[in-house]
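In what follows, every chain begins at residue 1, and chains take the letters A, B, ... in the order their sequences are listed. Since we're looking at a predicted model, the values are computed, not measured.
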Amino acid sequence: MFASAPTSLHLSHQAVFGVGAKRQTLTRCRPLSSSPGAAQPANANHLIQTLCANGRLARAAALLPGLPAPTQRTYESLLLAAARARDAALAAAVHRRLEADPVFRSDPFLSTRLIEAYAALGALPAARQVFDETPVKNIFVWNALLKALALADHGDEALARLADMGRLGVPVDSYSYTHGLKACIAVSASHAPASARVREVHAHAIRRGYALHTHVATTLIDCYAKLGIVRYAESVFAAMPERNVVSWSAMIGCYAKNERPADAIELFKDMMASDADLVPNSITIVSVLNACAGVNALSHGKLLHAYILRRGFDSLVSVLNALMAMYMRCGCLEVGRHIFKWIGHRRDVVSWNSLISGYGMHGFGPEAVQVFEEMIHVGFSPSIITFISVLGACSHAGLVNEGKMLFESMVEYGVTPRAEHYACMVDLLGRAGQLDEAMELIRSMHIEPSPQVWGALLGACRIHGHVEYAEIACSHLFDLEPRNAGNYVLLADIYARAKLHNQVGVLKELLEEHALEKVTGCSWIEVKKKLHSFTSVDNKNPPVEQLQALIGEFVAQMKNQGYVPDTGIVLYDIEGEEKERILIGHSEKLAVAFGLINTCSGEVIRITKNLRLCEDCHSVTKFISKFTEREIVVRDVNRFHHFRDGVCSCGDYW
DNA sequence: ATAGGGTTAG
C-alpha cells in the first residue's frame with residue numbers, strides 16, 4: 001500500500017492537471033517505477049521540481065546526478081529555472097545529463113527548452129549546437145533557434161534559417177516571422193542593412209499569407225518604426241483587417257519615436273473613437289503621454305491624467321513616471337515634483353532620472369545635483385541615463401566643477417563613460433568657454449568621438465566665436481554625417497560673425513551642391529486645446545502680417561531703449577532692413593505674438609521651438625515679458641526659458 | 001509549449 005503511494009500520487013497529479021496524458025502522446029514517456037527496488041525516482045523527481053519552483057537551484061542540481069530516471073517534467077523544471085536564474089552551469093549540467101539519457105536525448109520538446117535556456121543565457125553557440133543535434137526538428141525547435149538569433153541580434157543568420165525552412169519544406173508560422181523580424185532589426189555588424197532584411201522577411205510573409213497576421217503585422221510596424229521608415233509602418237497598419245490595442249499602440253509608438261508626436265496623439269484619438277471595445281492599456285497611455293510631452297500638449301496631457309485616475313492606472317509606477325515626465329517637459333516642474341513625491345517608496349531609477357532631468361531642463365542645476373545625491377543616499381544605483389541627466393543639468397546651469405567631479409566619479413559607480421557622457425562634458429566645458437579643455441577631453445577619449453561630441457564642440461564654438469575649433473569639429477562632422485545641413489549652417493554662421501565672407505560663400509555652395517535643406521525653424525503654441533504652428537519662412541498667411549506688425553511695434557519700443565537687432569547671423573546677401581524683417585518673422589516671435597492676441601491677460605504663454613532659441617528672439621521675448629507683464633515659457637530643443645519681468649530663468653546662459 | 005506595443009537622455 002505505502003510502497004505504491006508515490007506512483008499513484010504521480011498518476012493522480014497527471015490526471016488532475018490533465019497535462020500528462022497529452023504530453024505522453026507528444027513525446028516518449030519514461031515508464032514509471034522501472035525498478036521496484038528504487039522507491040526514489042518518482043519522489044526525487046517531485047522533489048527536484050519543487051526545489052526548482054522555489055528557486056533552490058543548488059539543491060536541485062545536487063540531486064540530479066544521483067537520479068537514475070529523470071522525467072521530462074524534471075528536465076523542463078531545471079531548464080526553466082536555469083534560464084530564469086541565469087545559471088549557466090546548471091543549464092550545462094542538465095544538457096550533459098540529457099545527452100546521456102537514452103529516452104530523452106532526442107526529445108524535441110526538451111531541445112526547445114534547452115535552446116531557450118541557452119538563448120536566455122546569451123550562449124548562442126550552445127543553442128545552435130543543440131539545434132544541430134536534434135534529429136527531428138519540429139516547428140518549436142526552429143522557432144526557439146530563431147528566438148535565440150533574435151536575442152543575439154544575428155539578423156543575417158535568421159534570414160538564412162528562414163530560407164532553410166523553405167528549402168526543407170518546414171512550414172513557417174507566425175512565430176517564425178516575429179522572431180525572424182526581431183532578429184533583422186539589429187544594427188550590429190552584418191552584411192545586409194537592417195531595412196533590406198526586414199523588407200525581405202516582409203516579402204516572404206506576404207507570399208505565405210502571413211503579412212496581415214496580427215502579431216506579424218504588429219512586429220512589422222515596430223520594425224519599420226525602429227528603422228524610421230514611417231510610411232511602411234503606416235501601410236502595414238492600414239492593411240490590417242483586424243487591429244487590437246497592441247497594434248494601435250505600436251503605430252502610436254511609431255509616430256512618437258519618429259518625431260511625429262502630433263500624429264501619435266491624433267491616432268490615439270482615432271483609436272478611442274473607432275471601437276468601444278478597444279480599451280487603451282498602460283503601454284498605450286505611456287506612449288501617448290510621451291507624445292504629449294513631445295508637442296508640449298499640456299491640455300491633452302491633463303485629459304490623460306484624468307483618464308489615468310479614473311481607470312486606476314496610477315497604481316503603475318511606469319505610468320506615473322511617464323505622467324511626471326510629461327508635466328515637466330510641458331513646463332510644469334512643480335506638478336512633476338508633486339507626482340514624484342506621490343510615487344513615494346515605489347519610485348524606481350526612472351523616477352529619479354526623470355526628476356533630475358526635469359530640474360536640469362528648467363535650469364535648476366544645484367537641485368538636480370542634490371536629487372542625485374539623495375538618490376545615492378537612499379541606495380539607488382545610478383544608470384547611464386542618470387549621469388547623462390545630471391551632467392546635462394550641470395551644463396545648463398554652468399556648474400563646471402560639479403560636472404567634472406560627477407564625471408570623474410562615474411567609475412566608482414561602475415558606469416563606464418560613453419560617448420554620450422563625453423558629449424555632455426564637452427557641452428559643459430564648451431558653453432562655459434573652456435574650449436581648450438573641451439578639446440583636450442576629446443583628444444583624451446579612448447573611444448571614437450561620436451557626432452554628438454563634435455556637435456557639442458561646434459555648438460560651443462558658435463557661442464564663443466571660435467573659428468579654429470569649429471573647423472576641426474566640422475572636418476569630422478562632414479565626414480560622419482555629410483547629410484546634416486545643420487552643421488554646415490552652424491559653421492557658416494560662425495564664419496559670418498567672424499566676417500569671413502568667402503568661407504560663408506563656399507559653405508552655401510556646398511549646401512546647394514549636395515541639395516541639403518536646413519531644418520526650418522518652427523514654433524508652436526496650444527491655444528484652446530488646439531496646436532497652432534508657425535514657421536519662419538511662411539509669411540503668406542494674412543494673420544502672420546498682423547503678428548509681424550505687433551512684433552514690429554515692440555521692436556520699435558526696444559530701439560528707443562538702445563536695442564540693436566542681431567543681424568549678424570542672417571546668411572543671405574541682403575540689405576540691413578531686409579535682415580531685420582527676417583528677424584521679425586522668426587517663428588518664435590510669431591508664436592509669442594499669437595499667444596498675446598489669443599490668450600487672456602495673466603495666462604501663461606507656453607511656446608515650443610524645434611531649434612535652439614536665437615539671441616534676438618531671446619532679447620525680444622525678455623522685453624515683451626516686461627512690457628506686457630506676461631509670463632512666457634519657451635521650450636527649445638535643449639531646455640526651458642521662463643521669461644518674467646524682463647528676465648529669463650536661463651540667466652542668458654544657454 | 002513559443003509571439004506583438006511603453007517610460008528616464010544631451
statement: To the nearest angstrom, the CG-P distance between A/L355 and B/dT8 comes to 15 Å

- request: Look at the side chain of A/S389 and decide which nucleotide, out of B/dG5, B/dA9, B/dT2, has an atom nearest to it.
  value: B/dA9

message: Could you tell me if A/S287 and A/S249 have a donor-acceptor pair between their side chains, going purely by distance under 3.5 Å?
response: no

query: Looking for any heavy atom pair under 4.0 Å, which part of the strands does A/G253 touch: base, sugar-phosphate only, or nothing?
result: nothing

query: Taking the six-membered ring of A/W654 as reference, does the NZ or CZ atom of A/R639 fall below 6.0 Å from its centre and within a 45° cone about the axis?
result: no

message: Under 4.0 Å from OP1 or OP2 of B/dG4: is there any side-chain N or O of A/K147 that close?
response: no

task: Look at the side chain of A/D173 and decide which nucleotide, out of B/dG10, B/dT2, B/dG5, has an atom nearest to it.
output: B/dT2

- line: Quick note, A/E420 side chain, CB onward, closest among B/dG4, B/dG10, B/dG6 is B/dG10

- request: Please report, rounded to the nearest Å, how far the P atom of B/dT7 is from the CZ atom of A/F313.
  value: 16 Å

- prompt: Side-chain N or O of A/R418 less than 4.0 angstrom from OP1 or OP2 on B/dA9?
  reply: no

field: Donor-acceptor pair (no angle test) under 3.5 Å: A/N244 side chain, B/dG4 base
entry: yes

message: Within the 4.0 Å heavy-atom criterion, would you say A/N290 contacts the bases, only the backbone, or no part of the nucleic acid?
response: sugar-phosphate

- request: In whole angstrom, give the distance that lies between atom CG of A/L151 and atom P of B/dG4.
  value: 10 Å

field: Pair A/H202-A/Y224, side-chain donor/acceptor within less than 3.5 Å
entry: yes

Pairing residues for A/K302 by the salt bridge (charged side-chain N to carboxylate O under 4.0 Å, His left out) criterion, not counting sequence neighbours: none

Which nucleotide in B/dG6, B/dG5, B/dG10 has an atom nearest any side-chain atom of A/I388: B/dG10

message: Over all strands shown, is A/T112 touching base, sugar-phosphate only, or nothing at heavy-atom distances under 4.0 angstrom?
response: base

message: At less than 4.0 Å, is any side-chain N or O atom of A/K182 found next to OP1 or OP2 of B/dG4? Yes or no.
response: yes

message: If only side-chain N and O atoms count, and only distance matters, is there a donor-acceptor pair under 3.5 Å linking A/N290 with A/R329?
response: yes

field: Pair A/T219-A/D222, side-chain donor/acceptor within less than 3.5 Å
entry: no

message: For a quick check of understanding: with a heavy-atom distance under 4.0 Å over all strands, which category does A/N143 fall into, base, sugar-phosphate or nothing?
response: base

task: Mark yes or no: A/R347 above the aromatic ring of A/F340, with NZ or CZ under 6.0 Å from the six-membered ring centre and no more than 45 degrees from the axis.
output: yes

task: Among the candidates B/dA1, B/dT7, B/dG5, find the nucleotide nearest to the side-chain atoms of A/N321.
output: B/dT7

field: Sugar-phosphate only, base, or nothing, as touched by A/N281 at under 4.0 Å among non-hydrogen atoms
entry: base

- line: Regarding the side chain of A/T284, the nearest nucleotide among B/dT2, B/dG4, B/dG5 is B/dG5

message: Does B/dG5 have OP1 or OP2 under 4.0 Å away from a side-chain N or O of A/K257?
response: no

- prompt: Between atom NE2 in A/H179 and atom C1' in B/dA1, what is the gap in whole Å?
  reply: 12 Å

task: Round to the nearest Å and state the distance from A/H362 atom NE2 to B/dA9 atom P.
output: 11 Å

message: Counting only side-chain heavy atoms from C-beta out, which of B/dA3, B/dT8, B/dG5 sits nearest to A/V350?
response: B/dT8

- prompt: Which part of the nucleic acid, if any, lies within reach of A/S383 when heavy atoms closer than 4.0 Å are counted: base, sugar-phosphate only, or nothing?
  reply: nothing

query: Just checking A/N638: base, sugar-phosphate only, or nothing, at a heavy-atom cut-off of under 4.0 Å?
result: nothing

- request: Kindly indicate whether the side chain of A/V319, heavy atoms from C-beta on, has any atom under 4.5 Å from the side chain of A/D314.
  value: no

query: NA contact type, A/R243, heavy-atom cut-off 4.0 Å: base, sugar-phosphate, or nothing?
result: nothing

- prompt: Among the nucleotides B/dA9, B/dG6, B/dG10, which one has an atom lying closest to any side-chain atom of A/D222?
  reply: B/dG6

query: Reckon A/S357 touches a base, only the sugar-phosphate, or nothing at all at heavy-atom distances under 4.0 Å?
result: sugar-phosphate

task: Using atom CD1 of A/I139 as one end and atom C1' of B/dT2 as the other, report the distance to the nearest whole Å.
output: 10 Å

- prompt: Would you call A/W248 stacked on B/dG5, i.e. ring centres under 5.5 Å apart with the planes less than 30° off parallel?
  reply: no

- request: Choose from B/dG10, B/dT2, B/dT8 the nucleotide whose nearest atom is closest to any side-chain atom of A/I385.
  value: B/dT8

Rounded distance in Å - CD1 (A/I463) to C1' (B/dG10): 13 Å

message: Counting the atoms with a prime plus P, OP1 and OP2 as sugar-phosphate, which does A/S287 contact under 4.0 Å by heavy atoms, base, sugar-phosphate, or nothing?
response: sugar-phosphate

- request: Compare the minimum distances between each of B/dG6, B/dA3, B/dT2 and the side chain of A/F140, then state the nucleotide with the smallest one.
  value: B/dT2

task: Report the distance from atom CD1 of A/I283 to atom C1' of B/dG6, rounded to the nearest whole Å.
output: 5 Å

field: N/O donor-acceptor pair, side chain A/T218 with base B/dG5, under 3.5 angstrom
entry: no

